[in-house]
Amino acid sequence: MSGSGAREAVFPTRQSLQLMKGKLKGAQTGHDLLKRKSEALTKRFREITRRIDEAKRKMGRVMQIAAFSLAEVTYAVGGDIGYQIQESAKQARFRVRTKQENVSGVFLPQFESYQHEGVSDFALTGLGKGGQQVQRCRETYARAVETLVELASLQTAFVILDEVIKVVNRRVNAIEHVIIPRTENTIKYINSELDELDREEFYRLKKVSGKKQRDAAAEELEREEAKADHVDVQAKAEEAESQDVLGDKENEDVIF
Amino acid sequence: MAAPASAYKDRQFLAVIGDEDTVTGMLLAGVGHVSPPPDNQKNFLVVDAKTDNSTIEAAFERFTQERKDIAILLINQHIAERIRHRVETYTAAFPSLLEIPSKDHPYDPEKDSVLKRVRRLFGE
């Protein structure tokens with residue numbers, strides 16, 4: 001009972017019993033809370049994975065459209081514009097900023113795209129011909145990149161949540177399978193030790209009272225004996241005194 | 001637990017590793033950024049058949065670890081395939097890594113690192 005399983009190294013006193021009971025209660029409350037947190041996070045996690053799946057499909061379509069519009073540009077401009085564009089890229093117009101979203105105590109970053117004003121690198125691209133196509137292509141790609149940014153925030157949330165859920169579950173399991181049983185064992189141990197002390201004490205008291213009783217009885221007996229002796233002596237004396245003066249004890253007195 | 005705000009506060013650019021068409025498109029959308037001289041670092045890398053894997057890996061390394069201003073790294077799936085082991089072992093939250101389809105290589109969800117993880121988690 002007390003020896004089974006691990007327990008904490010404490011002295012079996014009432015104070016530490018109280019302490020352990022408090023600890024057990026705390027552990028149970030913590031376990032409940034963490035369990036709930038883990039469930040909330042898992043729910044969120046499932047939702048995010050579903051959305052990632054959708055977004056990935058959407059990305060495939062969007063990128064296809066974007067690639068097609070680039071092909072249109074190449075056709076309209078009548079040559080490869082890749083080199084020209086790579087060389088003229090200087091400042092990013094399309095940037096992201098991060099916001100935070102709080103899901104049961106976990107901060108999930110969210111990317112948000114914005115256009116950095118006052119930068120236009122490709123003002124001269126497609127000046128000769130195909131300007132319209134270039135413009136359209138830029139818009140298409142901007143939309144595609146927005147989809148990608150959305151997907152990226154989902155994915156970041158996925159990575160972070162994955163990690164956090166692992167940590168939380170590890171904690172839940174640690175409390176459930178290590179801390180609570182150990183505390184319970186400690187309580188059991190303390191209880192059994194205290195019971196044993198109680199029994200010992202009871203037995204001791206019983207012994208003591210038995211001894212006392214025996215002593216008292218012996219004393220009483222002695223006293224009785226002493227008293228009886230006294231009475232005996234007296235009685236004997238009396239008896240000796242009140243002997244039948246006639247000396248015929250056998251004869252009944254005749255009474256009329 | 002979650003990354004502190006300082007880990008992603010300054011991240012505002014997107015980086016691209018892709019074939020010429022993809023990079024051109026992304027640059028048209030306006031993601032291109034060249035850091036001011038003297039280092040002149042570009043946030044994009046054009047990969048063609050002649051580019052060797054070590055160059056891709058170096059760029060991947062630079063975008064994911066050295067540069068602290070990149071929020072999202074876009075990489076073409078067929079290029080990610082060439083440095084798959086690096087992509088697989090990359091688990092950090094920032095910058096987030098996104099595999100995108102290219103014109104010549106349609107998107108295959110089976111190869112995506114993140115989707116693989118999703119599948120593994122749900123035991124499919």
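Throughout, protein chains are lettered first and strands after them, A, B, ... in sequence-line order, and every chain is numbered starting at 1.
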J.: Do the side chain of A/Gln155 and the main chain of B/Ser96 share a donor and acceptor less than 3.5 angstrom apart?
T.: no
J.: By a 4.5 Å heavy-atom criterion (distance strictly below it), what part of A/Ala66 contacts chain B: side chain, backbone, both, or neither?
T.: neither
J.: Would one find more than 12 heavy atoms of other residues, nucleotides or ligands at under 6.0 Å from atom OH of A/Tyr75?
T.: no
J.: When only pairs under 4.5 Å are counted, which of A/Glu139, A/Met59, A/Lys56, A/Arg143 shares the most heavy-atom pairs with chain B?
T.: A/Lys56
J.: Quick check on the interface: out of A/Ile52, A/Leu161, A/Thr140, A/Leu151, who has the most heavy-atom pairs with chain B under 4.5 Å?
T.: A/Leu151
J.: With heavy-atom distances below 4.5 Å as the criterion, would you say the side chains of B/Gln12 and A/Thr98 are in contact?
T.: no
J.: Give, as side chain, backbone, both or neither, the part of A/Leu70 having an atom under 4.5 angstrom from any heavy atom of chain B.
T.: side chain
J.: Just verifying a value: how many Å separate B/Leu27 CG and A/Arg138 CZ, rounded to the nearest 0.5 Å?
T.: 11.0 Å
J.: Counting only heavy atoms closer than 4.5 Å, note whether A/Phe68 contacts chain B via side chain, backbone, both or neither.
T.: neither
J.: Do A/Val149 and B/Ile72 have side-chain heavy atoms sitting under 4.5 Å apart?
T.: yes
J.: Counting heavy-atom pairs under 4.5 Å to chain B, which of A/Ala157, A/Ala67, A/Ala152, A/Ser153 comes out on top?
T.: A/Ala152
J.: What's the spacing between A/Met63 CE and B/Thr22 OG1 if we round to 0.5 Å?
T.: 5.5 Å
J.: So, do A/Gln64 and B/Pro101 sit near enough that their side-chain heavy atoms are less than 4.5 Å apart?
T.: no
J.: Select, from B/Val34, B/Val23, B/Leu73, the one with the greatest count of heavy-atom pairs under 4.5 Å involving chain A.
T.: B/Val34
J.: Can you say whether B/Leu74 sits under 4.5 Å from chain A via the side chain, the backbone, both, or neither, judging by heavy atoms?
T.: side chain
J.: Is there a side-chain contact between B/Thr24 and A/Val73 (heavy atoms, below 4.5 Å)?
T.: no
J.: Ignoring hydrogens, what is the shortest heavy-atom contact between A/Cys137 and B/Leu28? Give both atom names and the distance.
T.: SG-CD1, 3.6 Å
J.: Any idea which heavy atoms bring B/Ala29 and A/Phe94 closest together, and the distance?
T.: O-CB, 3.6 Å
J.: For chain A, which residues of residues 43-50 of chain B have at least one non-hydrogen atom nearer than 4.5 Å to it?
T.: B/Phe44, B/Val46
J.: What salt bridge (Lys or Arg N to Asp or Glu O under 4.0 Å) pairs are there with at least one residue in residues 78-91 of chain B, not counting sequence neighbours?
T.: B/Glu57-B/Arg86, B/Glu61-B/Arg86, B/Glu81-B/Arg84, B/Arg84-B/Glu99, B/Glu88-B/Lys116
J.: Show the nearest heavy-atom pair for residues A/Leu148 and B/Met26, with the distance to one decimal.
T.: CD1-CE, 3.7 Å
